[in-house]
Amino acid sequence: MSQDDLVERLLNFLRRSPTPWHAVASMAARLEAAGYRRLHECEPWQLAPGERVYVTRNDSSIIALQLPEGDLSALRMIGAHTDSPGLRLKPSAAQASAGWLQLGVETYGGVLLAPWYDRDLGLAGRIHVRHPDGRLEGLLLNVERPVAIIPSLAIHLDRDVNQGRPINAQTQMAPVFLQGGENADLERLLKGWIADQHGLEGVELLDFELGLHDMQPPARIGVAGELIASARLDNLLSCFAGLEALLAADGRQGVVLAASDHEEVGSASACGAQGPFLGDVLQRVSERLGGDDEGAFIRLIQASRMISCDNAHALHPNFTDKHDAAHGPALNGGPVIKVNASQRYATNSATAAMFRDLCREAEVPVQTFVTRADMGCGSTIGPITATELGVPTLDVGAPQWAMHSIRETAGARDVEYLTRVLTAFCNRAELA
């Protein structure tokens with residue numbers, strides 16, 4: 001595969017995926033173009049060896065399966081998440097101050113707030129409407145032009161701002177939206193955008209889940225184009241690499257791609273990794289293709305392996321002291337195995353050894369991240385999935401800077417490295 005073509009496909013995916021719902025819709029479209037058939041959880045499933053299928057839950061989580069040509073004895077599973085930290089609108093979002101209509105927001109996940117100032121912000125998410133005939137429908141909305149901004153306070157009015165100060169998300173992060181709009185009807189504006197995008201008139205707006213997003217497009221940067229800068233690299237880069245690997249799989253092995261919502265807020269939801277979605281799907285597949293004798297599902301899970309993909313903290317040239325001296329992953333240095341003795345990552349020596357062997361086979365460099373012993377460590381869907389299913393798991397990810405910022409940075413070559421090793425995983429005949 002061409003590295004440049006791969007990066008362009010990633011940038012296009014990022015542009016079209018301002019929310020988890022849009023990301024899932026984009027992934028589903030690519031799956032269907034490749035011949036995958038959609039399943040619905042409320043209907044019986046008819047499955048055949050070698051078939052390719054996918055299923056969604058809440059329209060924000062998706063599981064795709066390449067069923068093996070032969071017996072269903074083991075699965076090569078790739079996990080990622082579709083959500084990213086950001087600012088979400090409150091249900092009664094319209095608020096007025098100093099002659100401006102503003103939007104009341106709440107933080108979603110561990111968002112890095114400062115970079116949200118002075119950005120051209122669009123609006124996107126999911127809206128539920130009632131049609132004149134009484135039918136309810138969920139619609140995707142993406143206002144693809146700047147409609148809001150969170151202006152900084154001039155330094156003349158806050159001389160100590162560069163000395164560091166806390167940001168109050170309630171009082172200091174409300175975007176300005178419309179001048180002289182104190183009496184503006186936000187619902188009317190949303191209906192206008194729905195009409196523009198979906199051609200619907202006369203619908204009643206019932207509820208919404210909307211968030212702000214940066215209108216600056218993803219870009220390849222650096223003198224040699226060695227970097228990628230974009231919103232939502234954490235963790236749409238992993239969703240993209242997992243999807244590319246699944247689509248490139250030779251079809252002989254059983255492969256699962258599970259991209260879940262709500263990782264950034266703990267995964268505890270019906271469609272999150274801590275919920276039953278993946279287990280439900282695998283149980284149904286096992287009943288159809290793996291046998292219904294006692295212990296068949298447990299045998300399948302224990303013979304399978306899960307690679308949890310979520311980006312890793314790269315060594316920052318301005319803050320080298322934030323990494324352990326022996327574990328500072330470099331951008332464009334290959335995928336990172338993430339290790340934590342307290343099980344914040346699911347990696348153990350057996351699963352790490354398997355991944356290192358895959359990297360050797362795929363001719364991909366590999367790195368390791370361990371946090372400093374005097375610093376805390378984030379977590380991923382890896383330990384959650386391992387706990388819920390019991391599947392042997394490891395945590396890996398492409399290295400990046402500025403995690404949880406409105407604009408993050410990753411290495412262009414790492415996209416190809418991660419995709420190549422995940423493809424090797426999908427095609428491996430024997431799982432160690």
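Residue indices begin at 1 and follow the sequence shown. The figures that follow rest on heavy atoms only: side chains count, while hydrogens, waters and symmetry mates do not.
- Here the CD1 atom belonging to Ile307 is positioned 13.0 Å from the OG1 atom belonging to Thr385, to the nearest 0.5 angstrom.
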Does the pair Trp116 and Leu87 meet the rule for a side-chain contact (heavy atoms from CB on, under 4.5 Å), with working shown?
CA-CA 9 Å; Trp116 281 78; Leu87 301 179; 3.7 Å; yes

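- Panel note: side chain Arg360, backbone Arg356; no donor-acceptor pair is recorded below 3.5 Å.
- At a threshold of 4.0 Å, the pair Arg126-Glu209 counts as salt-bridged, since one of the basic side-chain nitrogens sits closer than that to a carboxylate oxygen.
- We find the CZ-CD distance between Phe13 and Glu8 to be 15.0 Å, quoted to the nearest 0.5 Å.
- Taking every heavy atom of both residues into account, Ile62 and Phe277 meet most closely at N-CE2, 4.2 Å.
- Not counting sequence neighbours, the partners of Arg428 by the salt bridge (Lys or Arg N to Asp or Glu O under 4.0 Å) test are Asp357, Glu361.
- Between Ser308 and Gly382, the shortest heavy-atom distance links the atoms OG-N, 3.3 Å.
- Annotation: side chain of Tyr345 is not in contact with side chain of Thr371 (no heavy-atom distance under 4.5 Å).
- A side-chain donor from one of Asn348 and Thr351 sits under 3.5 Å from a side-chain acceptor of the other.
- With 3.5 Å as the limit, one finds a donor-acceptor pair spanning the side chains of Asp261 and Ser60.
- Asp395 has no carboxylate O lying under 4.0 Å from a charged side-chain N of Arg344, or vice versa, which leaves the two without a salt bridge.
- Residues His262 and Ser269 bring a donor and an acceptor atom of their side chains to less than 3.5 Å of each other.
- Taking a 6.0 Å sphere around CD of Glu43, one finds it holds more than 12 heavy atoms contributed by other residues, nucleotides or ligands.
- Note: Leu243 CG to Leu236 CG = 11.5 Å, rounded to the nearest 0.5 Å.
- Between the OG1 atom of Thr82 and the CD atom of Glu264 there is a distance of 10.0 Å, given to the nearest 0.5 Å.
- Side-chain contact check for Pro175 versus Leu212: some heavy-atom pair is nearer than 4.5 Å.
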I would like to know whether His128 and Glu137 meet side-chain hydrogen bond (donor to acceptor under 3.5 Å, both in side chains); could you show each step before the answer?
CA-CA 6 Å; His128 279 84; Glu137 184 180 11; over 6 Å; no

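- Salt bridge status for Arg9 with Glu244: present, with a side-chain N to carboxylate O gap under 4.0 Å.
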Kindly indicate, with the supporting measurements, whether the criterion side-chain contact (heavy atoms from CB on, under 4.5 Å) is fulfilled by Val366 and Ile337.
CA-CA 7 Å; Val366 61; Ile337 298 173; 3.9 Å; yes

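- For the pair Gln302 (side chain) and Gly390 (backbone), a donor-acceptor distance under 3.5 Å is present.
- Side chain of Arg407 to main chain of Ala231: no donor-acceptor pair is present (N/O by atom type, distance under 3.5 Å, no hydrogens or angles).
- Glu41 pairs by the salt bridge (Lys or Arg N to Asp or Glu O under 4.0 Å) definition with Arg57, not counting sequence neighbours.
- For the atom pair OG1 (Thr409) and NE2 (His316), the distance works out to 8.5 Å, reported to the nearest 0.5 Å.
- There is a side-chain donor-acceptor pair under 3.5 Å between Asp83 and His81.
- Not a single donor-acceptor pair under 3.5 Å links the side chain of Thr56 to the backbone N or O of Asp59.
- Of the possible donor and acceptor atoms, one in the side chain of Asn332 sits under 3.5 Å from a partner among the backbone N and O of Ala412.
- Cation-pi geometry between Arg88 and Tyr108 is met: the NZ or CZ atom falls under 6.0 Å from the ring centre, inside 45° of the normal.
- With hydrogens and angles disregarded, no donor-acceptor distance shorter than 3.5 Å links the side chain of His40 to the backbone of Cys42.
- Counted by atom type alone, Gln3 and Arg413 present zero donor-acceptor pairs between their side chains at under 3.5 Å.
- Using a 4.5 Å heavy-atom cutoff, the side chains of Arg305 and Met354 are in contact.
- Summarising the geometry of Lys191 relative to Val203, their closest heavy-atom pair is CE-O, 3.3 Å, with the distance given to 0.1 Å.
- Counting heavy atoms from C-beta outward, Leu278 and Ile63 have side chains that approach closer than 4.5 Å.
- Contact annotation: the side chain of Phe240 never approaches that of Cys309 to less than 4.5 Å [non-hydrogen atoms, C-beta and beyond].
- Formation of a donor-acceptor pair under 3.5 Å by the Ser238 side chain with backbone atoms of Ala80 is not found in this model.
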What verdict does the side-chain hydrogen bond (donor to acceptor under 3.5 Å, both in side chains) test give for Arg299 and Ser304, after you've listed the backbone C-alpha separation in whole Å, the side-chain angles of each residue and the deciding distance to 0.1 Å?
CA-CA 9 Å; Arg299 290 197 302 273; Ser304 302; over 6 Å; no

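- Atom CG in Leu141 sits 6.0 Å away from atom CG in Leu123 (nearest 0.5 Å).
- Closest non-hydrogen pair, Leu67 versus Ala48, comes out as CD1-O, 3.6 Å.
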Would Phe177 and Leu186 count as a side-chain contact (heavy atoms from CB on, under 4.5 Å) if you check the C-alpha gap in whole Å, the side-chain angles of each, and the deciding distance to 0.1 Å?
CA-CA 10 Å; Phe177 189 59; Leu186 179 59; 3.7 Å; yes

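- Residues Pro217 and Leu14 fail the side-chain proximity criterion, which asks for heavy atoms closer than 4.5 Å.
- With a 6.0 Å radius and a threshold of 12 heavy atoms from other residues, nucleotides or ligands, Asp185 has its CG atom above the threshold.
- Glu408 contributes a side-chain N or O that, together with a main-chain N or O of His404, makes up a donor-acceptor pair within less than 3.5 Å.
- Atom CD1 of Ile298 has 12 or fewer heavy atoms from other residues, nucleotides or ligands within 6.0 Å.
- Leu300 has its side chain out of reach of Leu282: every pair of non-hydrogen atoms, C-beta onward, lies at least 4.5 Å apart.
- With 3.5 Å as the limit, one finds no donor-acceptor pair spanning the side chains of Ser230 and Arg220.
- Checking side-chain atoms of Lys338 against main-chain N and O of Asp310 turns up a donor-acceptor pair under 3.5 Å.
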Intermediate values then yes/no, side-chain contact (heavy atoms from CB on, under 4.5 Å), Val55 and Trp45:
CA-CA 11 Å; Val55 59; Trp45 290 358; 4.2 Å; yes

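- Met77 and Phe425 make their closest contact through O-CE2, 3.4 Å (heavy atoms, listed as atom of the first residue, atom of the second, distance).
- Nearest heavy-atom pair, Ala124 versus Asn142, reported as atom, atom and distance to 0.1 Å: CB-OD1, 3.6 Å.
- Here the options are Leu257, Leu246, Val53, the test is side chain to side chain contact (heavy atoms under 4.5 Å, CB included), and the partner is Gln66; only Leu246 passes.
- Listed for the Ser84 side chain is a donor-acceptor partner under 3.5 Å among the backbone atoms of Asp234.
- Using a 4.5 Å heavy-atom cutoff, the side chains of Thr107 and Leu113 are in contact.
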Evaluate Asp321 against Arg372 for salt bridge (charged side-chain N to carboxylate O under 4.0 Å, His left out), listing each step before the verdict.
CA-CA 9 Å; Asp321 61 326; Arg372 286 175 56 110; 5.9 Å; no

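- Using a cutoff of 4.0 Å between basic side-chain nitrogens and carboxylate oxygens, Arg30 and Glu32 are not scored as salt-bridged.
- Annotation for Lys90: atom NZ counts as buried by contact number, over 12 foreign heavy atoms lying within 6.0 Å.
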